[in-house]
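Note sheet for the following structure.
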Amino acid sequence: MSWTARVLVTATLLSAAAAAASPNSTSPHPGHLLAKLSQWREDYLSEAASQAGTGSVRRNTVLAWILSFLAASVSSAGGVGGGSLFLPILNLVAGLSLKRATSYSSFMVTGGAVSNVLYNLLCTRGLIDYDIALLFQPCLLLGVSLGVVCNVMFPEWLITALFSLFLAFCTAKTWRAGVKIWRTETVAARHDHKVPLLIGGGLPMPGQVGGEGSLGGGSVNGGSTAGDRPRFPLKDIAVLLVVWLSFFLLHVFIGDKHGKGVIKIKPCGIAYWLVTIFQVPFAVAFTAYIVYAKRNKQGRHDDEDGKEPNSFVTKTETLPPLALPLAAFVTGSLSGLFGIGGGLLLNPVLLQIGIPPQTAAATSSFMVLFCASMSMVQFILLGMEGIGEAAVYAGICFVASLTGVILIARAVKKSGRVSMIVFLVTAIMALSTVIVTCFGALDVWTQYIGGAYMGFKLPC
């Protein structure tokens with residue numbers, strides 16, 4: 001029996017046991033607990049809103065800063081955006097409404113991603129796989145747009161259930177990948193602890209020199225100098241910026257579901273759907289160009305003697321040509337459906353296709369920067385409130401992310417075990433599963449007792 005079947009059977013048995021319990025039992029009814037918790041949450045948010053205009057820094061705000069620092073440092077070290085941890089902190093601790101917490105979270109994820117990417121660019125060159133980022137980005141952004149539409153149509157209870165099951169599945173798969181890597185590292189260490197640990201299909205970790213396991217220096221073959229570091233791919237960055245700008249302009253034209261945008265487009269009108277559908281040829285054209293350019297690039301590499309093949313071919317040559325774009329589209333769709341930045345799903349996907357943990361974490365943070373910054377700029381253009389306070393949270397996450405990345409890099413260098421990154425991602429996903437399930441159950445219960453419509457809705 002698979003683990004998912006076991007979870008469902010266990011949940012069914014627990015539900016049956018609860019239904020069969022004596023009505024005279026002294027145990028509080030779950031519905032009463034949810035109702036009390038929901039009432040406490042509403043009272044807390046109301047009190048926080050009334051005190052927000054006093055201008056003084058409240059104790060719960062300071063506590064939210066501290067928790068955000070811890071969440072950002074842990075999330076950044078694992079290459080995860082951290083939005084699933086930021087939202088509960090902002091909503092339950094800082095007392096912000098869920099709408100404002102969502103806009104603040106985009107600032108925080110962007111701040112953390114900027115810090116992470118700058119560190120990887122300046123201190124650990126070679127960890128970010130720009131080829132994978134290029135292939136992922138267009139279809140990832142297209143998937144997010146589709147996921148947002150599905151988010152509007154699907155009922156809250158279905159989104160919560162799907163998200164909880166999917167996170168549980170990814171947590172189990174990532175844990176197994178971490179255990180496999182740990183065992184590989186243990187076998188390699190027993191033979192010779194100075195030999196670079198090989199993972200991800202026998203590939204040495206980027207930046208490992210000889211047996212030092214150092215981050216950010218040399219080639220994967222060992223014994224290199226700083227001159228062997230890969231050059232900064234200006235052309236790839238330019239293509240990524242063009243993709244980002246193109247999708248950003250389309251989203252700005254569309255506006256939000258209330259029709260609020262830079263230009264006036266009637267929600268769900270002809271122009272609205274034309275602009276929305278126009279994202280499909282954009283994504284297909286960009287993906288086709290990127291695949292064609294990479295094939296030509298590899299052809300030139302193969303014709304030259306004494307040069308290593310690029311990372312894209314080394315890591316993904318066994319995959320079908322459309323495997324990465326399809327994985328990106330599915331990841332983006334789930335991110336838009338569940339309302340998260342994508343880092344929580346990107347890292348496990350990269351790990352499952354055989355990308356080494358350090359490269360997966362760095363590449364995931366790089367892609368999260370583009371997704372989160374797009375949301376952040378959209379919130380600003382749509383006139384969000386509290387930009388100054390959101391900037392404070394972003395600054396905290398910037399410093400925290402840098403701290404987390406440095407600490408995990410030193411820990412990996414000292415221990416020689418990159419599997420700790422995989423276990424860190426697993427822990428974050430497990431915590432997110434618990435938070436999402438509890439939060440979702442509370443919101444669904446509130447809607448249920450309030451008589452809200454619990455079925456599917458039209459996109460407009």
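Here, residue 1 is the first one in the sequence, and each next residue gets the next number.
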**Study point:** Candidate pair L70 and V74, rule side-chain contact (heavy atoms from CB on, under 4.5 Å), full reasoning
**Key:** CA-CA 6 Å; L70 297 176; V74 174; 5.6 Å; no
Exercise for review: Test L134 against Q137 for side-chain contact (heavy atoms from CB on, under 4.5 Å), laying out the working first.
Suggested key: CA-CA 6 Å; L134 277 171; Q137 203 65 39; over 6 Å; no
Review point. Going through the distances and angles, do S75 and I428 end up as a side-chain contact (heavy atoms from CB on, under 4.5 Å)?
Key: CA-CA 7 Å; S75 300; I428 296 173; 4.3 Å; yes
Review point. C438 and V434: side-chain contact (heavy atoms from CB on, under 4.5 Å), yes or no, with the steps?
Key: CA-CA 6 Å; C438 296; V434 175; 4.2 Å; yes
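T110 contributes a side-chain N or O that, together with a main-chain N or O of A372, makes up a donor-acceptor pair within less than 3.5 Å. Judged purely by atom type and a 3.5 angstrom limit, S364 has no side-chain atom pairing as donor or acceptor with the backbone of A361. With hydrogens and angles ignored, the 3.5 Å screen pairs a side-chain donor or acceptor of E185 with a backbone N or O of V418. For the pair T184 (side chain) and K180 (backbone), a donor-acceptor distance under 3.5 Å is present. Listed for the Q447 side chain is no donor-acceptor partner under 3.5 Å among the backbone atoms of V444.
Looking at L167 and L344, their side chains come closer than 4.5 Å, going by heavy atoms from C-beta outward. The shortest distance between side-chain heavy atoms of I237 and F366 falls below 4.5 Å. Using a 4.5 Å cut-off on side-chain heavy atoms (C-beta onward), I290 and V239 make contact. Proximity of I181 to V422: side-chain heavy atoms (C-beta onward) are separated by under 4.5 Å at one or more points. Counting only heavy atoms from C-beta outward, the side chains of F370 and L241 approach each other to under 4.5 Å. Within the 4.5 Å cutoff, side-chain heavy atoms of T186 are placed close to those of R417. Residues M108 and L90 have side chains in contact (heavy-atom distance under 4.5 Å, counting atoms from C-beta outward). Within the 4.5 Å cutoff, no side-chain heavy atoms of F329 are placed close to those of P325.
Side-chain contact, R183 with S419: no donor N or O sits under 3.5 Å from an acceptor N or O. Judged purely by distance below 3.5 Å, without hydrogens or angles, the side chains of T403 and S73 never pair a donor atom with an acceptor atom. Side-chain atoms of S76 and N116 form a donor-acceptor pair, as typed in the model, at a separation below 3.5 Å.
Between L402 atom CG and L407 atom CG the span is 9.5 Å, to the nearest 0.5 Å. Rounding to the nearest 0.5 angstrom, the gap separating the OG atom in S246 from the CZ atom in F278 is 9.5 Å. The structure places CZ of F136 at 12.0 Å from CG of L141, a figure rounded to the nearest 0.5 Å. In this structure, the separation between CG on L424 and CD1 on I408 is 5.5 Å, given to the nearest 0.5 Å. In this structure, the separation between OG1 on T331 and CG on L350 is 8.0 Å, given to the nearest 0.5 Å. The CG atom of L96 lies 11.0 Å from the OG atom of S105; values are rounded to the nearest 0.5 Å.
A tilted orientation is assigned to the rings of F423 and W175, their planes being inclined by 30° to 60°. Using cut-offs of 30° and 60° on the angle between ring planes, the pair W445 and Y448 is tilted. Using the six-membered ring where Trp is involved, F166 and F169 have ring planes that are tilted, between 30° and 60° apart. Ring-plane geometry between Y104 and Y393 is classed as tilted, the angle between the planes lying from 30 to 60 degrees on a 0 to 90 degree scale.
Contact record, L140 with C371: CD2-SG, 3.5 Å, taken as the closest heavy-atom pair. Closest heavy-atom contact between C139 and T287: SG-OG1, 3.5 Å. Taking both residues in full, the closest heavy atoms of S164 and V436 are given as OG-CG1, 4.3 Å, listed atom of the first, atom of the second, then distance. Looking at every heavy atom in both residues, F439 comes nearest to P88 through CE1-CB, 3.6 Å. A64 and V93 make their closest contact through N-CG1, 3.7 Å (heavy atoms, listed as atom of the first residue, atom of the second, distance). Contact detail for P155 and M454: the closest heavy-atom pair is CB-O, 3.3 Å.
Within a 6.0 Å radius of CZ in F456, other residues, nucleotides and ligands contribute more than 12 heavy atoms. The number of heavy atoms from other shown groups lying within 6.0 Å of NZ (K457) is above 12.
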